[in-house]
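Encoded as structure tokens, the structure appears first; notes follow it.
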Amino acid sequence: GYVSGSIWPKPQQHTVGEETFSLSPDTFKFTSTGEASDVLTAAMARYRGLTFPDMIHSNVLRFRRDLSALTSLEITVKEKYAPMTFESDESYALAVSAPASSLTANTVWGALRGLETFSQLVYQDEHDNYLAREGKITDFPRFHYRGFLIDTSRHFIDVSVILRHIDALAYAKYNILHWHIVDDQSFPFVSKTFPSLSNVGAYNNVTHIYDIDDVATVIEYGRMRGIRVVPEFDTPGHTQSWVSIKDLLTPCYSGGKPTGTYGPINPTLNSTYTFLKSFFGEIGTRFLDDYIHLGGDEVSFSCWESNPNVLAWMDKMGFGKNFSLLEQYYEQKLIDIVGGLKKKYIIWQEVIDNQVTVNPDTVVNVWKGGWQNEMAKVTAKNLNVVLSSPWYLNYISYGNDWPKYYSVEPTAFNGTSAQKKLVLGGTTCMWGEWVDGTNLLPRSWPRSLAISERLWSSINTTDVADAQGRLREHRCRYLMRGIPAQNGVQSKYCRYEWT
Ligand SMILES: CC(=O)N[C@H]1NC[C@H](CO)[C@H](O)[C@@H]1O
């Protein structure tokens, strides 16, 4: 390993050469010789600033004449632009040589990953000269699904903070923002079809909302950085803030009378499904990704059980008192509705735990304890799975907790190799009960870097000692790039520490 220019997450293959080259920020060229796109053009401009952070001082830099000059990076994207999907190819090859270096990738998404790597290879010596070590990198992600969940219901998070979080995700090669946008506590999402949802459900329906432009801005900002925005509208539980929709939530009873409190969405009314079809119809047009997260976690049966109309309906259906059958009925109808929108879906594990039959391309998000058994059970049903359980970063503790997240191996469960191929990757979760715009960034970074390497790098990239040095350097880059990453890697000096 070398002092500077280390890379996070660790590439699949990296051979380091003998020479060190010098770069002059004001004359260095990023050129494109392959397929063009707005994403690539914007990325080349963006990575100029990220590669040469103190451009403003560049004219005072002394140029190391004793080293060969590296004067350009030639980028070749082979395939025409196509929107990023779960299957997109993010591989790239980077050759650092002088005077011209080259970056080749099949898609622009691979080129984005290679540009991030190139920006990390370039470093500054003690005199602020820009240097880069000769070398060859061939890289690709081990897992396609590298997600980060933010929760904007328990506490509102301003769009400006979400955008900076997307920058930070791109610096770590995450590729999915799982936007858990609404929940019990508040409904900040402005629906065109049902404006009452945020008018009544938002904490403040003027300041604490995501209007049509806000949502489009987040999606576009993500697209430019190779981050897919996957929304989660969690039902039938976690829906207290949906109360403005007439008859949607189940009225809870006590002593044969309504208590005035509400429970999960009421699965027994046709009006429920008329609403869902219309609401998810809008969601399908507002969010571009072919995946949508339908939630399905922590559905409490007690309110359903208290409601005489629900019980009568269940009798008629022959469900008796088996509320899992009622939950199944709801999930199946919801899945049909969403399936009709040509969307694929992700659900929390309870939907499978409660025996709901789902489409074969469903993705199951495992989040509860005992994940090794759950992964084995879900993949035995030949379903795709994404791991979150050991990566709930909203739980905090004193000291260095990143090695705990780093040491997780998502395929470490009893199963065949075919079952292990169904592990699509993972999602780091930052739930919002104690997180808002003031601490989303410092609480997420650099701790969640540990998971970004687990999800990108090869299975045998497990050496915590080797990771520590690279993690510390990358955390310092986050400060240089304006992300307030807390010093979660055994404090040392970083020249960009905010003074
Ligand atoms: C899928 C899931 O995690 N559901 C809930 N579980 C506990 C979390 C906090 O750690 C959040 O409250 C979240 O809404």
Side-chain angles (χ1 to χ4, degrees), residues 145 147-157 165 176-189 201-203 230-243 249 262-265 291-303 324 327 330-331 334-335 338 345-354 356 358 362-375 377-378 383-397 401 404-405 408 410 423-437 439-440 443-444 447-448 450-451:
Y145 196 111
F148 195 111
L149 177 148
I150 60 170
D151 165 3
T152 55
S153 172
R154 277 59 180 266
H155 285 99
F156 185 74
I157 298 175
H165 194 64
I176 289 172
L177 175 70
H178 170 160
W179 193 355
H180 184 90
I181 189 164
V182 299
D183 203 297
D184 287 328
Q185 284 81 355
S186 75
F187 199 106
F189 173 81
Y203 279 135
V230 174
E232 179 188 349
F233 286 89
D234 192 355
T235 70
H238 288 273
T239 46
Q240 290 297 301
S241 65
W242 302 49
V243 68
L249 302 184
Y262 295 94
I265 285 179
Y291 275 92
I292 183 170
H293 198 302
L294 298 177
D297 59 311
E298 300 182 317
V299 183
S300 144
F301 293 162
S302 56
C303 188
S324 286
E327 184 182 9
Y330 173 82
E331 288 295 343
L334 176 63
I335 284 167
V338 171
Y345 51 86
I346 309 157
I347 35 137
W348 295 112
Q349 67 180 71
E350 285 96 323
V351 176
I352 302 303
D353 296 348
N354 292 334
V356 177
V358 293
T362 304
V363 177
V364 182
N365 206 156
V366 171
W367 69 276
K368 300 175 89 167
W371 60 268
Q372 290 89 341
N373 295 339
E374 186 73 11
M375 300 278 274
K377 187 182 89 175
V378 171
L383 291 171
N384 295 309
V385 71
V386 162
L387 178 62
S388 291
S389 310
W391 296 327
Y392 269 41
L393 267 58
N394 48 296
Y395 299 138
I396 54 176
S397 58
D401 60 359
K404 171 175 66 176
Y405 306 125
V408 171
V423 179
L424 304 183
T427 293
T428 302
C429 293
M430 185 56 77
W431 293 100
E433 281 85 349
W434 307 100
V435 172
D436 64 10
N439 58 350
L440 170 70
R443 191 164 290 189
S444 301
R447 295 163 72 221
S448 62
I451 298 138

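Remember, it's 1-based here, ligands and their atoms both numbered in the order they're listed.
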Task: Side-chain donor-acceptor pair present, His180, Asp234, cut-off under 3.5 Å - done: no
Open item on the list: Whether the Thr235 and Tyr330 side chains hold a donor-acceptor pair (N or O, under 3.5 Å, no angle test) is what I'd like checked.
Closed with: yes
- [ ] Apply side chain to side chain contact (heavy atoms under 4.5 Å, CB included) to Ser241 and list each qualifying residue two or more places apart in sequence or on a separate chain.
- [x] Phe187
Task: Min side-chain heavy-atom separation Glu350-Lys368 under 4.5 Å - done: yes
Open item on the list: Just to be sure I understand the cut-off, which residues have at least one non-hydrogen atom under 4.0 angstrom from an atom of ligand 1?
Closed with: Arg154, His238, Asp297, Glu298, Trp348, Trp367, Tyr392, Asn394, Tyr395, Trp431, Glu433
Open item on the list: Taking Lys377 first and then Asp353, would you say they form a salt bridge - that is, a charged N and a carboxylate O separated by under 4.0 Å?
Closed with: yes
TODO: Test His178 against every option in Trp348, Phe148, Phe233 by the ring pair (Phe, Tyr, Trp, His ring centres under 6.0 Å) rule and name the one that passes.
DONE: Trp348
